[in-house]
Trainee: 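Take a look at the following structure, please.
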Amino acid sequence: MPMTKAIRDEAPQRSLKALGKIYRDFFNRTGDLMMLHDLEGRLLHVNPAVSRLSGYTFEELIGRPIDVFILPKFRNLFREAYLQEINTHGYAEGVVLFQAKDGSAYYVDYRNVLVEEPGFEPYVSGLGRDITARKRVEAALQEAHAEMEQRVKDRTAELVEVNTRLKQESDERSQAVEILRLSQERYTLATCAARIGVWDWNLRTNEFYLDPNVKALLGYRDEEIPNDIEIWSSHVHPDDRQAVMEAFQAHLDEKTPEFVYEHRMLTKDGGICWILARGTAIRDAQGQPMRVVGTDADITKLKRVEEELHQVLDKLEDRVAARTAELAKANAQLKQEISERQRSEEALQENQERYRALANASFEAIFISENGICIDANQTAADMFGYNNGELIGIFGTDVIAPESRELVKHHMLSGYEEPYEAVAQRKDGTHFRVEIRGKMSEYRGRPVRVTVVHDIDRAKKMESRLRESERKYREIFELSPEAIVLLDRSGTVLDVNDRSQEWLGYNREAIIGKRFWDFPFLSDDDKALVRKKFSQRMAGEKVPPYEIGFNAKRGAQRTGRIVATAIRDAKREFIQDLVMISDITERIQAEQALQRREVELEQRSCDLAEVNAALRVLLKKRESDKSDLEEQVLLNVKELINPYLQKLKQTRTNSQQQAYLKVLEENLNEIVSPFYRTLSATYSLLTPKEMQVADLVRQGRTTKEIAALTHSTPRAVEFHRNNIRKKLGLTHQKANLRSYLLTLN
């Protein structure tokens with residue numbers, strides 16, 4: 001959005017409070033719809049106005065396609081045409097029917113522009129405005145126009161019948177002139193109160209007419225500016241003149257339905273007045289423009305309000321154009337009287353149309369009252385107070401005022417007070433709202449009447465309150481930030497700092513503000529050069545990553561800071577201010593250095609442990625070798641020292657029991673040197689010696705009875721040991737045979 005000249009001039013001297021306003025007014029606080037989306041149409045960001053109008057929360061909108069706001073049956077067609085126009089022309093504009101989450105529909109005038117910046121992904125920035133109210137006004141005007149055309153047809157039929165009676169025609173002509181005069185008075189009252197003037201340009205004769213009200217907008221009397229199009233055009237601001245002519249020519253070429261443009265005019269005292277110019281071309285049967293009739297409205301006050309709130313709008317709501325025509329002078333001849341009467345009827349219709357259009361298109365409520373009773377009101381008044389237009393006629397002016405303000409309003413009405421003042425108004429449903437009232441006494445049909453203009457300021461009051469609250473919150477965030485924050489202007493001069501900056505650097509605010517950041521003694525020469533270089537890069541539009549510098553605080557403390565800076569630019573991408581955030585990373589740097597020292601120590605210890613591990617591996621290898629030698633020695637001893645004597649015992653006389661013992665002894669000796677016992681004892685160290693004995697006999701195929709006899713136990717005791725063995729071997733709930741399992745251990 002464009003930034004006003006006043007903001008650009010004052011930006012270097014404004015505090016962070018002004019910066020907060022810039023962010024808020026550029027995005028969060030505007031009443032217009034603002035959104036960003038990628039080249040595939042997915043929403044990247046929206047402002048609160050979009051959520052308010054659509055009914056979707058911010059989280060519901062982000063990532064969704066932009067056609068979420070379009071009626072379902074038009075979404076595919078709109079998305080394809082819209083994205084093609086963006087990719088082809090770099091922008092897209094138009095009016096679309098906007099559908100909210102609850103199904104309600106709004107007309108939105110949008111203009112979206114493709115943004116391509118170095119170092120960033122292209123995206124589309126869009127601005128839209130809710131013009132539903134304008135559409136309704138246009139529909140009402142079309143309906144009124146159709147009604148007037150029907151009235152003209154009916155009146156024409158009456159004229160044909162009246163032509164046969166000349167006297168009656170003369171009487172009717174007099175009545176028409178009187179009605180025309182009254183309509184002209186009403187029109188003059190309405191345009192004067194609303195600060196609107198009319199102009200008429202005959203393109204074929206180059207005759208140009210300016211309403212005195214238009215000249216008065218620039219501070220001139222009627223006779224001070226001739227009705228000359230060239231002279232009037234010279235009062236258009238030089239920067240706007242070309243654009244105004246292009247917009248006017250576009251309407252003449254039928255590229256636009258009407259001429260509507262906001263531009264600046266040079267006033268008599270050398271100032272600037274903002275004008276909303278509107279016009280409609282009247283064309284002949286071949287479609288060629290014959291004349292253009294339009295209005296100029298003073299919108300300077302509205303522009304000033306927008307400037308105070310920083311709500312820069314692209315266009316104002318269209319106002320319905322109406323034209324005025326000069327009444328032909330009366331012809332003395334009777335035949336010309338009839339023709340003059342017809343022209344008078346046409347002028348009457350045009351003036352009535354003009355009055356209704358101007359009054360209804362006004363953003364403010366307009367009342368005309370006599371002795372405190374309303375005799376006419378515009379459509380805005382009916383909409384503002386919740387009445388049908390006809391319901392306002394005949395009521396007292398204080399009937400739309402809340403009880404607490406009625407005496408004040410009544411006093412100003414009776415005294416003819418003409419300065420603006422505030423009061424509390426009351427709608428038809430009983431709700432109250434704050435308004436600004438301005439009245440002016442005038443004459444209507446020779447009788448005194450009061451023209452009153454009512455402006456709804458409740459919304460402006462609420463926005464002002466929210467603005468102050470937002471400023472307070474932004475200031476709290478600024479002051480309570482754990483990082484030091486410094487705001488610089490284009491020259492690098494400090495505009496503002498937060499409390500953390502003063503605490504960290506050891507300088508108070510007065511000692512910092514007004515000096516260039518890189519001139520302070522808390523920076524070394526190298527760091528000063530680095531800071532200045534990074535600042536210049538950001539001014540040039542380069543993307544500068546975070547960087548670290550050293551600080552010598554006022555009390556002598558050595559600190560390390562990490563700088564993250566953001567360049568603040570206007571709509572033309574010109575550098576305005578630099579927001580610098582400094583994080584104290586001294587402790588982190590110290591921790592990293594300690595970590596590095598610890599890593600060196602750990603690396604040394606790792607080397608020491610590697611040497612110890614190498615020695616342990618040598619010892620383990622030696623132990624394995626000794627174990628192998630021991631096993632071989634045991635095997636050799638059994639074969640040479642035990643087996644010969646065992647064979648001799650077997651050859652002696654022994655009974656059957658002794659023979660059984662000898663057999664068991666021989667098998668056990670064989671098992672001592674076999675892998676079974678080593679495997680069983682190493683894997684199942686929980687087996688008792690008795691269970692090891694029973695397990696060995698089971699593996700040999702001995703029955704429970706035989707095992708009981710050999711172990712001097714009972715069969716029940718043997719079964720008990722067998723069950724314990726199964727449990728310890730994990731075979732309790734399995735159908736595996738115990739002997740088969742033990743055989744697998746060899």
Trainee: Using a cut-off of 6.0 Å, state whether more than 12 heavy atoms not belonging to Lys690 lie near its atom NZ.
Mentor: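 Yes, NZ of Lys690 has more than 12 neighbouring heavy atoms, counting only those of other groups under 6.0 Å.
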Trainee: Under a 3.5 Å distance rule, please check whether Glu706 uses its side chain to pair with a backbone N or O of Thr703 as donor and acceptor.
Mentor: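 The answer is yes, because a donor-acceptor pair under 3.5 Å joins these two groups.
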Trainee: If only atom types and distance count, is the side chain of Asn87 paired as donor or acceptor with the main-chain N or O of Leu83 below 3.5 Å?
Mentor: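 Yes, the answer is positive, given that a donor and an acceptor are paired below the 3.5 Å cut-off.
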Trainee: State whether Arg722 and Glu691 are salt-bridged, where the test is any N-O pair (Lys NZ or Arg NE/NH1/NH2 against Asp/Glu carboxylate O) under 4.0 Å.
Mentor: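 Glu691 and Arg722: not salt-bridged.
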Trainee: Just wondering, do Val580 and Leu487 contact through their side chains at under 4.5 Å, heavy atoms?
Mentor: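 No. Closest side-chain heavy atoms not under 4.5 Å.
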Trainee: For Glu603, I'd like to know if atom CD has over 12 heavy atoms of other residues, nucleotides or ligands within 6.0 Å.
Mentor: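 Atom CD in Glu603 is not packed in, count stays at 12 or less.
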Trainee: Output all residues satisfying side chain to side chain donor-acceptor pair (under 3.5 Å) with Glu548, sequence neighbours left out; order by chain, then residue number.
Mentor: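 In terms of side chain to side chain donor-acceptor pair (under 3.5 Å), with neighbours along the sequence ignored, Glu548 is linked to Arg588.
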Trainee: Start with the C-alpha gap between Val96 and Tyr110, add the side-chain angles, then the distance that decides, and say whether side chain to side chain contact (heavy atoms under 4.5 Å, CB included) holds.
Mentor: CA-CA 8 Å; Val96 66; Tyr110 72 91; 3.9 Å; yes
Trainee: Do you know the tightest heavy-atom contact between Val46 and Ser51?
Mentor: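 Taking every non-hydrogen atom into account, CG2-OG, 4.5 Å.
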Trainee: In the structure I gave you, are the side-chain heavy atoms of Leu43 and Met35 within less than 4.5 Å of one another anywhere?
Mentor: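 Heavy-atom side-chain distance check passes, below 4.5 Å.
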Trainee: Does any non-hydrogen side-chain atom of Arg569 lie less than 4.5 Å from one of Glu574?
Mentor: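 They are not in side-chain contact.
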Trainee: Would you say the side-chain atoms of Ser536 pair up with the backbone N or O of Arg532, donor to acceptor, closer than 3.5 Å?
Mentor: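 Answer holds: yes.
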Trainee: Decide yes or no for Val108 and Leu53: does some side-chain heavy atom of the first lie under 4.5 Å from some side-chain heavy atom of the second?
Mentor: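 They are in side-chain contact.
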Trainee: Are Tyr123 and Asp38 packed together at the side-chain level, in the sense that at least one heavy-atom pair is separated by less than 4.5 angstrom?
Mentor: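 Not in contact.
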Trainee: Rounded at 0.5 Å granularity, tell me how far NZ in Lys101 sits from CG in Leu61.
Mentor: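 Spacing of NZ (Lys101) from CG (Leu61) equals 9.0 Å.
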Trainee: So do the side chains of Met581 and Ile563 get within less than 4.5 Å of each other, counting heavy atoms only?
Mentor: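 Side-chain contact under 4.5 Å: no.
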Trainee: Counting only heavy atoms from other residues, nucleotides and ligands, does the tally under 6.0 Å from CZ of Phe58 exceed 12?
Mentor: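 Correct, the count exceeds 12.
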Trainee: Measuring only between side-chain heavy atoms, which start at C-beta, is Val494 closer than 4.5 Å to Asp489?
Mentor: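 No. Closest side-chain heavy atoms not under 4.5 Å.
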Trainee: Rounded at 0.5 Å granularity, tell me how far NZ in Lys727 sits from CG in Leu729.
Mentor: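 Reported to 0.5 Å precision, the distance equals 12.5 Å.
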Trainee: Give a yes or no on whether the backbone of Pro715 and the side-chain of Thr704 come within a donor-acceptor separation of less than 3.5 Å.
Mentor: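 No; zero donor-acceptor contacts below 3.5 Å.
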Trainee: Could you check whether Arg538 makes a cation-pi contact with Phe575, meaning its NZ or CZ is under 6.0 Å from the centre of the six-membered ring and within 45° of the ring axis?
Mentor: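 Not satisfied by the 6.0 Å and 45° rule.
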Trainee: Take atom NZ in Lys515; do more than 12 heavy atoms of anything else shown fall under 6.0 Å from it?
Mentor: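 Check passes, neighbour count above 12.
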Trainee: With no hydrogens and no angle check, just 3.5 Å: does a side-chain donor-acceptor pair link Asn112 and Tyr82?
Mentor: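 Judged by distance alone, the side chains do pair up.
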Trainee: With side chains defined as the heavy atoms from C-beta onward, is the minimum distance between Glu60 and Thr57 less than 4.5 Å?
Mentor: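 Yes, their side chains come closer than 4.5 Å.
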Trainee: To check you understand the geometry: which heavy-atom pair defines the closest contact between Tyr56 and Val68, and what is its length?
Mentor: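 For Tyr56 versus Val68, the nearest heavy atoms are OH-CG2, 4.0 Å.
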Trainee: Is a side-chain N or O of Arg739 found less than 3.5 angstrom from the main chain of Arg699, in a donor-acceptor match?
Mentor: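 Between the backbone of Arg699 and the side chain of Arg739 there is a qualifying donor-acceptor contact (under 3.5 Å).
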Trainee: Tell me if a side-chain donor or acceptor on Ser54 pairs with a main-chain N or O of Val50 at a distance below 3.5 Å.
Mentor: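 Between the backbone of Val50 and the side chain of Ser54 there is a qualifying donor-acceptor contact (under 3.5 Å).
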Trainee: Would Glu719 and Arg716 count as a salt bridge (Lys or Arg N to Asp or Glu O under 4.0 Å) here? Give the steps.
Mentor: CA-CA 5 Å; Glu719 287 296 333; Arg716 179 172 295 181; over 6 Å; no
Trainee: Out of curiosity, Arg111 CZ to Ser125 OG, how far, rounded to the nearest 0.5 Å?
Mentor: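 Answer rounded to 0.5 Å: 11.0 Å.
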Trainee: Kindly state each residue pair satisfying ring pair (Phe, Tyr, Trp, His ring centres under 6.0 Å) with at least one member in residues 581-609, sequence neighbours excluded.
Mentor: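 Those involving residues 581-609 do not exist here.
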Trainee: Starting at CE of Met692, measure out to CG of Leu697 and round the result to the nearest 0.5 Å.
Mentor: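 Those atoms lie 12.0 Å apart.
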Trainee: Do you know the tightest heavy-atom contact between Pro72 and Gln99?
Mentor: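 Scanning both residues, the minimum pair turns out to be CD-OE1, 3.5 Å.
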Trainee: Show the nearest heavy-atom pair for residues Asn737 and Ser740, with the distance to one decimal.
Mentor: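 For Asn737 versus Ser740, the nearest heavy atoms are OD1-N, 3.1 Å.
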Trainee: In Å, rounded to the nearest 0.5 Å, how long is the span from OH of Tyr91 to CD of Glu85?
Mentor: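 The distance works out to 7.0 Å.
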Trainee: Closest heavy-atom contact between Leu97 and Ala105?
Mentor: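 Scanning both residues completely, I find the closest heavy atoms to be CD1-CB, 4.1 Å.
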